[in-house]
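Notes follow the structure.
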Number of protein chains: 4
Amino acid sequence: MNRGRPRSGHVDEAVADAVRALLAEAGYQALSIDGVAARAGVGKAGIYRRWRSKAEMVFAVVVHGPHPVAPADSGSLRADLSALAEHIIDLLSGPYARLVLPGLTADLSADPALAARFQAGVIDAERALVAEILDRARARGEDAGDDPAFVHALLLGPIYTYLFLAGGEVPPGLADRLASAAVAALGTKESP
Amino acid sequence: MNRGRPRSGHVDEAVADAVRALLAEAGYQALSIDGVAARAGVGKAGIYRRWRSKAEMVFAVVVHGPHPVAPADSGSLRADLSALAEHIIDLLSGPYARLVLPGLTADLSADPALAARFQAGVIDAERALVAEILDRARARGEDAGDDPAFVHALLLGPIYTYLFLAGGEVPPGLADRLASAAVAALGTKESP
Amino acid sequence: MNRGRPRSGHVDEAVADAVRALLAEAGYQALSIDGVAARAGVGKAGIYRRWRSKAEMVFAVVVHGPHPVAPADSGSLRADLSALAEHIIDLLSGPYARLVLPGLTADLSADPALAARFQAGVIDAERALVAEILDRARARGEDAGDDPAFVHALLLGPIYTYLFLAGGEVPPGLADRLASAAVAALGTKESP
Amino acid sequence: MNRGRPRSGHVDEAVADAVRALLAEAGYQALSIDGVAARAGVGKAGIYRRWRSKAEMVFAVVVHGPHPVAPADSGSLRADLSALAEHIIDLLSGPYARLVLPGLTADLSADPALAARFQAGVIDAERALVAEILDRARARGEDAGDDPAFVHALLLGPIYTYLFLAGGEVPPGLADRLASAAVAALGTKESP
DNA sequence: CCTTAAGCGAGACGGTACGTCGGGTCTTCGT
DNA sequence: ACGAAGACCCGACGTACCGTCTCGCTTAAGG
């Protein structure tokens with residue numbers, strides 16, 4: 001049985017609001033636990049009771065999960081992948097992800113436990129979407145390979161590169177071009 | 001003419017050694033200017049006189065530039081791209097890049113000036129290599145498209161994804177598969 | 001009429017035990033309400049229901065009051081005062097008083113209400129003992145002055161000084177010497 | 001040779017001012033290092049660089065030492081001791097000592113090193129004054145005993161008792177009465 | 001007997017202060 | 001003028017307690 005005073009949902013809400021507000025104002029690096037606590041009108045202990053680090057907190061608040069985005073079934077592999085790529089572009093250039101992802105990625109590299117949760121909650125979820133799209137294509141008789149992780153990397157990687165390693169903007173038509181590249185790659189023998 | 005005592009090369013060496021040692025011991029996030037100064041037996045002022053931030057210092061020391069890697073000319077676009085991909089994999093999974101890149105990427109997103117220098121010094125240099133490879137292919141009569149940046153993103157992005165967003169390891173044969181995908185993409189009309 | 005569940009004596013016992021144990025282990029300053037509650041297996045509310053502060057709690061537990069030490073009647077003022085001084089020395093150098101008094105005194109200076117209770121429960125009680133001794137002496141025809149508080153200060157003050165302001169140890173024979181000093185002071189005209 | 005930037009006297013002054021102001025406003029217990037740093041416009045590190053605790057800081061600032069109060073030589077032991085007692089009363093009921101002493105005494109009991117410094121800097125200094133007075137009296141042919149520490153305790157103890165253990169006020173004429181008591185005690189054989 | 005008020009252990013709550021660490025700047029002396 | 005050294009102000013860190021407040025559960029007295 002659960003003993004003691006139960007945790008208050010109000011804290012979670014207030015922290016989530018404060019995190020989003022402060023991220024928008026100053027970005028991930030400038031976000032501090034002290035600052036969030038003060039802005040949320042919450043004790044620091046209430047935050048540390050829930051999350052062990054800034055990275056965990058932001059991860060929980062911003063990446064918390066609405067990734068159930070069912071992949072559209074347009075009847076063609078290329079169109080499905082293009083839609084998925086467009087979805088990833090939207091996600092990564094969205095209001096918060098853009099501010100959060102580089103810093104969060106850095107923290108992941110120093111916290112294997114959190115990295116595992118990111119892997120499971122975000123990467124694996126997206127790979128599952130790719131797998132579903134490929135399965136459907138295979139059912140239709142299209143050539144769909146057998147490595148959803150590779151196809152996923154072929155979509156996510158270039159998008160991440162444009163956004164966070166190169167200039168910061170995604171070129172127009174990128175989703176289509178990535179989908180075409182992926183389809184072309186699937187229809188190729190890798191060694192001559 | 002320069003007056004006063006000239007800068008001592010000894011400082012640069014000592015700092016470079018200290019940065020490498022401390023990176024290996026504790027990683028990028030745990031690296032501090034104080035720590036580097038103490039380890040190098042150097043004053044903090046001597047460091048700030050050279051670089052404006054931790055990110056600049058590490059960037060200068062670790063990514064300092066020896067990227068003159070002439071792209072091998074193997075006579076085939078696919079083989080050239082594969083060699084380049086292999087080179088990128090080696091670079092990114094090298095001893096320091098692996099420890100440094102996620103944190104450095106995060107700092108880039110908060111320091112536009114440094115981001116521009118990273119863009120110019122690393123991204124543009126690699127894009128130029130791709131451009132050279134594509135030019136050679138075109139001269140040979142192969143289909144080479146007109147967007148080296150896209151081809152570069154197609155190589156670097158998935159590698160970065162595997163190393164820093166997903167598990168941390170690059171699957172075997174990745175360089176070949178990426179090169180094949182790029183070549184296939186180039187031989188495709190992007191709109192049906 | 002008292003309704004509701006009556007207070008459990010078990011709490012008082014458990015708290016008293018915990019306070020004594022923790023005092024012995026770490027002293028007054030390191031004693032915390034959280035610590036006492038945890039050690040006693042008691043809720044913090046149960047403690048705050050009984051006492052308003054750490055000082056009150058410790059005061060109640062350690063100085064709880066059994067000071068009814070009837071002053072021995074030896075037939076001589078000097079001997080009576082010496083016995084009382086010896087008693088005070090024993091009290092103040094006892095196992096807990098020694099750990100508690102300096103900190104408790106400090107808290108008194110910040111809590112007038114508690115100070116008044118300390119004054120009434122400890123100081124006034126001891127002054128009453130002195131008054132009784134002086135009355136007996138006066139009845140015997142000895143010179144006993146008319147200011148028990150002064151005589152009491154003449155006994156308690158030096159003892160406190162030796163124990164808590166100077167080194168920490170009471171010199172041998174102190175009780176006798178203080179009694180002699182007090183008697184001598186009583187037999188003196190204060191202004192020539 | 002001393003290397004590095006020397007400590008700034010401005011910090012010492014600012015801290016001393018802030019400590020005095022905050023003591024007057026809220027007392028010793030409510031004084032915090034954070035508060036002093038903020039009020040003084042000084043970093044906490046600057047404080048911790050100088051003193052290891054609140055008690056050390058306050059001790060250094062308030063009790064800093066100028067106790068060179070030469071003992072008046074009035075030609076009589078009783079008058080000298082009375083003057084000294086009056087001086088002690090003034091000291092202890094002075095603006096800061098009153099706020100500081102109880103809390104400081106408490107901290108002494110938890111910090112033997114500081115206790116030793118208090119003993120050496122304050123108690124021993126006052127005992128030396130007593131010793132000097134007694135020496136002068138002995139030179140005059142008066143009976144002066146051989147235990148300055150005892151005489152000192154006979155003066156300081158009752159004063160401390162009145163101020164910090166009993167009500168808080170010193171009764172009028174106390175200095176004279178303590179001096180008389182001390183003189184009387186010196187002229188007495190301690191064992192019947 | 002059955003309500004019901006108050007007690008109980010537990011522990012979360014908003015806060016404050018702790019002592020430490022790092023950032024980026026400034027100031028000394030010696031080279 | 002540069003060098004090492006190190007103090008400067010600032011602000012965040014993660015921890016520990018404070019005193020208060022819910023929880024769900026006894027526990028007895030009063031109706």
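What's counted below: heavy atoms across the whole structure, side chains too, no hydrogens, waters or symmetry copies.
Atom CD in B:Gln29 sits roughly 13 Å away from atom P in E:dG23 (whole-Å rounding). Atom P of nucleotide E:dA12 and atom CD1 of A:Ile47 are separated by 15 Å, given to the nearest angstrom. Put simply, CD1 on A:Ile33 is 13 Å from C1' on F:dT15, counting in whole angstrom units. Atom CZ in A:Arg39 sits about 15 Å away from atom P in E:dG15, given to the nearest Å. Atom P of nucleotide F:dG19 and atom CD of C:Glu56 are separated by 11 Å, given to the nearest angstrom. Spacing between atom OH of B:Tyr28 and atom P of E:dG22 amounts to 15 Å, rounded to whole angstrom units. Between the P atom of F:dC17 and the CE atom of C:Met57 lies a distance of 13 Å, rounded to the nearest Å. A straight line from CG of D:Asp111 to P of E:dG19 spans 12 Å, rounded to a whole angstrom.
Note that CE of A:Met57 is 7.0 Å distant from CH2 of A:Trp51, once rounded to the nearest 0.5 Å. Remark: A:Tyr28 OH to A:Leu104 CG distance equals 5.0 Å, nearest 0.5 Å.
With C:Lys44 contributing its side chain and C:Ile33 its backbone, the two residues share no donor-acceptor pair below 3.5 Å.
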Can you check each nucleotide of nucleotides 1-10 of chain E against protein heavy atoms at under 4.0 Å and return B for base, S for sugar-phosphate only, - for none, in 5' to 3' order?
----BBBBBB
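Residues C:Val36 and C:Ile47 form a side-chain contact, since some pair of their non-hydrogen atoms from C-beta on lies under 4.5 Å apart. Put simply, the side chain of B:Val122 reaches to within 4.5 Å of the side chain of B:Phe59, judged on heavy atoms.
Each end of the helix from E:dT3-F:dA29 to E:dT31-F:dA1 gets its own axis, taken as the rotation carrying the C1' atoms of four end pairs onto the next four within a five-pair window, and the two axes meet at 20° to the nearest 10 degrees.
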Using side chain to side chain contact (heavy atoms under 4.5 Å, CB included), reason through C:Val58 and C:Asp107 one step at a time and then give a plain yes or no.
CA-CA 11 Å; C:Val58 173; C:Asp107 288 349; over 6 Å; no
Could you go step by step and tell me if A:Arg20 and A:Asp17 meet the side chain to side chain contact (heavy atoms under 4.5 Å, CB included) rule?
CA-CA 5 Å; A:Arg20 279 188 278 260; A:Asp17 290 348; 3.8 Å; yes
What do the steps show when you test A:Arg52 against A:Asp111 for side chain to side chain contact (heavy atoms under 4.5 Å, CB included), and what is the final call?
CA-CA 11 Å; A:Arg52 301 190 313 100; A:Asp111 181 347; 4.0 Å; yes
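Here the nucleotide nearest the side chain of C:Tyr48, chosen from E:dT20, E:dG23, F:dC18, is F:dC18.
For C:Arg50, the CZ atom is densely surrounded, since the number of other residues' heavy atoms within 6.0 Å is greater than 12.
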